[in-house]
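Structure, as structure tokens:
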Amino acid sequence: MVARNCLLGLTIVALLGCDLSRVAPPPEAVFAPDERIDDLVRQARRPVVEMVTERFGTPNRLVAWEALPVDYGVLEGRVVEAYPETDGTCWRLKVELDAVPEFPKDWPAPLLQGVAVAFLSFGGKPVSAGGLVDEGENRVGLTVQRFDPGTGVLELAQRLGSPPSAGDRLRLVGHKLQRGRVAYMRHCVHCHGVAGDGNGPTAPYLNPRPRDYRRGIFKFTSTGPNERPTRDDLKRTIRQGIPGTYMPSFFLLDDGDVEAIVEYVRFLAMRGEFERRLVDELILDYSTEAVAQRVDAGEERSDILDELETFLRDELPETAAFEVERIANAWRRVERPEALVVPKTPRTPDTFESRARGRKLFLSKTLKCVDCHGPTGRGDGPMTEDYQLNTATNEYYPFPGLVDAWGHPIRPRNLTRGIYRGGRRPLDIYRRIYVGIKGTPMPSSAAALNEEQIWDLVNYVLSIPYETADTRRQLDAVAAQLTASEK
Amino acid sequence: MRNFWCLFFTVWPIVAVGTFVIAPAMGWWFPTDAYSTLGQQIDDLFYLILTIVGVVFIGTHIALGYTLWKGSQDPNRRSWFTHGSHTLEVIWTIVPAGILLFIALYQMDVWRMYRVQSAFPEDLLEVAEVTARQFEWRIRYPAPGRPLQLKPQKGDVYAVNDLHVPVNRPVLIQLRTMDVQHSFFVPSLRVKQDALPGQVIPVWFEVTKPGIYDLTCAELCGWGHYKMRGRVVAEAEEDFRAYLQRLAAEQAYDGVTPIETALSHAEKRQNEE
Ligand SMILES: [Cu+2]
């Protein structure tokens with residue numbers, strides 16, 4: 001009897017333990033603001049955060065800003081029938097989409113929800129400008145509450161004054177971006193962070209640190225120095241990973257997911273760049289420190305704040321419009337074929353002579369490869385022992401060695417290991433030498449070299465892992481002969 | 001109450017047998033059949049052991065249920081106390097020991113073929129070196145037409161999370177790890193081998209059906225353990241060769257010479273040889 005009661009008791013306890021409804025939901029994701037925003041005076045902080053939030057939204061309510069070259073994912077369709085919900089809070093539309101994209105398994109509940117709706121025609125008349133419905137004074141930002149691709153019934157979150165009529169055309173914007181967010185949150189966020197700031201919970205344990213996208217600087221691209229990466233570059237990074245770092249390969253991720261993640265990464269990068277430019281605009285004159293200095297210099301605090309207010313009202317929107325244009329252009333430009341760095345001549349055959357010429361270039365005083373990579377390519381050149389100047393503060397870093405654009409110590413690659421983070425095709429190495437590695441001290445050597453010389457250098461670099469002291473001596477001998485015959 | 005425990009102990013063997021009978025139909029069985037030669041033999045061993053254990057389990061429970069039932073029939077019956085029966089003890093020691101010995105000897109062949117290098121098939125093709133690292137599988141094939149070397153060679157062909165092998169012939173991979181312990185696990189092929197730091201471990205298998213098989217890590221290797229998803233693609237030998245040629249050509253891409261041209265050159269060179 002006792003045993004039976006015990007058993008019963010245990011079962012009940014176990015069942016109670018499984019009551020998952022009591023588990024608190026995770027905290028809502030937020031885009032962490034730029035680190036420097038805290039340096040601004042309070043009156044300057046709010047407008048920046050508000051402007052960024054207005055243009056880009058929050059992780060759970062993304063905004064598709066048309067000024068940016070992001071493929072948010074557009075679906076177009078036709079209203080077949082519209083009827084009000086019985087309680088009158090929303091409209092239900094039966095719609096027919098022109099083309100239904102291939103939905104992943106968990107589509108559409110989390111993915112179409114919140115997507116923006118824009119009418120191209122309403123009540124039989126075409127709608128202009130952005131396609132949002134103009135209801136007298138209020139521009140209504142319509143979003144999807146629910147969509148069932150099976151029946152084609154679309155539920156709008158807001159109620160319109162008058163219903164659309166059958167035949168009206170509409171556009172749903174943002175499904176791809178939302179899919180990107182879902183996949184990014186699943187696969188990338190713990191390293192790259194919600195805002196793409198490279199500050200996810202696992203980031204502190206990694207070296208090199210996960211990329212902070214917010215400057216638009218990417219290392220392994222097919223584009224020129226100072227240029228953004230192409231979609232294909234990002235896709236390649238995601239598919240192949242970055243060997244030799246913690247950036248894993250997502251080889252088996254669904255194609256649609258990868259494409260959506262690429263858009264989301266670009267979106268985060270543009271968001272970060274925009275935010276950064278706004279902060280740049282304000283930090284010189286309106287950081288707490290600058291304001292204190294100006295007050296010390298005799299200005300009235302209230303005057304400075306008035307000036308700030310005028311600036312925020314009259315100039316910031318213009319600056320923002322200008323900056324977003326610049327950012328959009330930078331990302332648009334690289335998608336054109338002429339933006340790619342492509343060799344003009346095929347690779348020089350990988351002969352002993354070519355490698356010898358390459359080794360000579362590698363050792364040359366003008367290119368300085370050895371200053372960083374060392375004479376044997378082990379990544380132990382003299383620069384790794386020097387203290388570097390921080391150009392932002394004009395002070396030397398407290399530790400020796402090279403530093404990257406994000407302020408982290410960085411070592412030149414050990415070229416004897418045969419691990420190439422940006423890919424091992426001759427084309428990849430060509431691009432690394434031609435363009436340099438953006439955000440790192442590895443410089444562009446395009447100006448100092450012609451095509452043949454770059455290929456010689458590529459041939460040499462690719463042979464370093466198989467080099468022995470003997471072959472190096474032979475190469476040096478041939479290189480010396482070459483130099484002699486030149487003179 | 002009197003019959004409760006008799007029923008309780010009799011029900012379990014019935015439930016167990018019932019479960020096993022309906023399991024394959026309900027999809028509760030192995031996710032797939034074994035698609036490798038050794039895998040089929042490993043499954044056979046599994047079924048053999050399952051049968052032995054099943055028979056013992058059912059037998060024990062029937063005996064237990066019967067004893068309980070018998071004892072509960074006569075309320076006036078008193079238990080008798082006994083201490084030790086030499087014969088009985090000898091029997092229940094020798095019989096299980098015999099069974100264990102039988103299993104140990106019987107599985108030796110499969111074990112030997114799987115793990116002992118001198119027993120590996122002779123026409124093994126060394127396809128690739130597979131290096132586990134946190135958290136992916138880095139794969140190094142020899143250049144098309146060359147044998148795999150222990151050390152990386154110029155012309156080696158690299159891939160990640162995507163191992164291609166020819167079907168219907170024994171193939172061998174050299175397994176290693178760059179950091180911590182991992183385990184190379186292809187459930188549908190019944191291949192599972194730990195990768196140990198500092199060691200190169202040869203693993204062979206012969207896939208019997210072309211297809212794409214999941215490759216996972218079966219050793220908890222860190223927070224990203226679940227990310228170590230790869231695949232083994234088993235394909236006809238000429239498809240495998242074509243795949244390797246293409247991968248090699250892609251890896252030699254210089255941005256100017258089209259990959260197709262490089263491929264046709266390689267083909268011509270091979271035909272000449
Ligand atoms: Cu692992």
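Below, each value reflects all heavy atoms present in this structure, side chains not excepted, and no hydrogens, waters or symmetry copies.
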Q. Is there a side chain to side chain donor-acceptor pair (under 3.5 Å) between B:Gln153 and A:Tyr466 once you walk through the steps?
A. CA-CA 7 Å; B:Gln153 302 294 309; A:Tyr466 316 101; over 6 Å; no
Worksheet item: More than 12 heavy atoms of other residues, nucleotides or ligands under 6.0 Å from CZ of A:Arg378: is that the case?
Response: no
Side-chain donor or acceptor of B:Asp254 paired with backbone N/O of A:Leu427 under 3.5 Å: no
Any donor-acceptor pair under 3.5 Å linking the side chain of B:Lys227 with the backbone of A:His187?
-> yes
In short, ring pair (Phe, Tyr, Trp, His ring centres under 6.0 Å) pairs touching residues 207-258 of chain B with sequence neighbours left out are A:His190-B:Trp223, B:Tyr35-B:Tyr213, B:Phe135-B:Trp223, B:His164-B:Tyr243
For B:Gly255 and A:Val342 the tightest heavy-atom approach is O-CG1, 3.5 Å
Heaviest contributor of heavy-atom pairs below 4.5 Å to chain B, chosen from A:Pro465, A:Gly244, A:Gly423, is A:Gly244
Heaviest contributor of heavy-atom pairs below 4.5 Å to chain B, chosen from A:Leu340, A:Ile429, A:Val341, A:Thr202, is A:Thr202
Applying a strict 4.5 Å limit to non-hydrogen atoms, the region of B:Lys154 in contact with chain A is both
Residues A:Pro346 and B:Thr257: closest non-hydrogen pair is CB-OG1, 3.7 Å
* To do: Kindly check if the number of other-residue, nucleotide or ligand heavy atoms within 6.0 Å of CH2 (B:Trp12) is above 12?
  => no
B:Val160 and A:Arg239 have their tightest heavy-atom pair at CG1-O, 4.3 Å
Bottom line for A:Asp428: the part with an atom under 4.5 Å from chain B's heavy atoms is neither
Is the CG atom of A:Asn450 crowded by more than 12 outside heavy atoms at less than 6.0 Å? yes
Pair count under 4.5 Å, heavy atoms only, with chain B: among A:Tyr430, A:Phe251, A:Trp455, highest is A:Phe251
Cut-off 4.5 Å, heavy atoms of chain A, and the answer for B:Arg231 is both
Taken to the nearest 0.5 Å, the spacing of B:Arg229 CZ from A:Leu253 CG works out to 8.0 Å
The reported gap from CD1 in B:Ile259 to CZ in A:Arg425 (rounded to nearest 0.5 angstrom) is 7.5 Å
task: Tell me, yes or no, whether the heavy-atom count around A:Phe220 atom CZ, taken from other residues, nucleotides or ligands under 6.0 Å, exceeds 12.
output: yes
If one checks every heavy atom of A:Thr245 against chain B at 4.5 Å, the contacting part turns out to be backbone
- Over 12 foreign heavy atoms within 6.0 Å of OH, B:Tyr66: no
If you tally heavy-atom pairs under 4.5 Å between each of A:Ser249, A:Gly241, A:Ser222 and chain B, the highest tally belongs to A:Ser249
Bottom line for B:Glu136: the part with an atom under 4.5 Å from chain A's heavy atoms is side chain
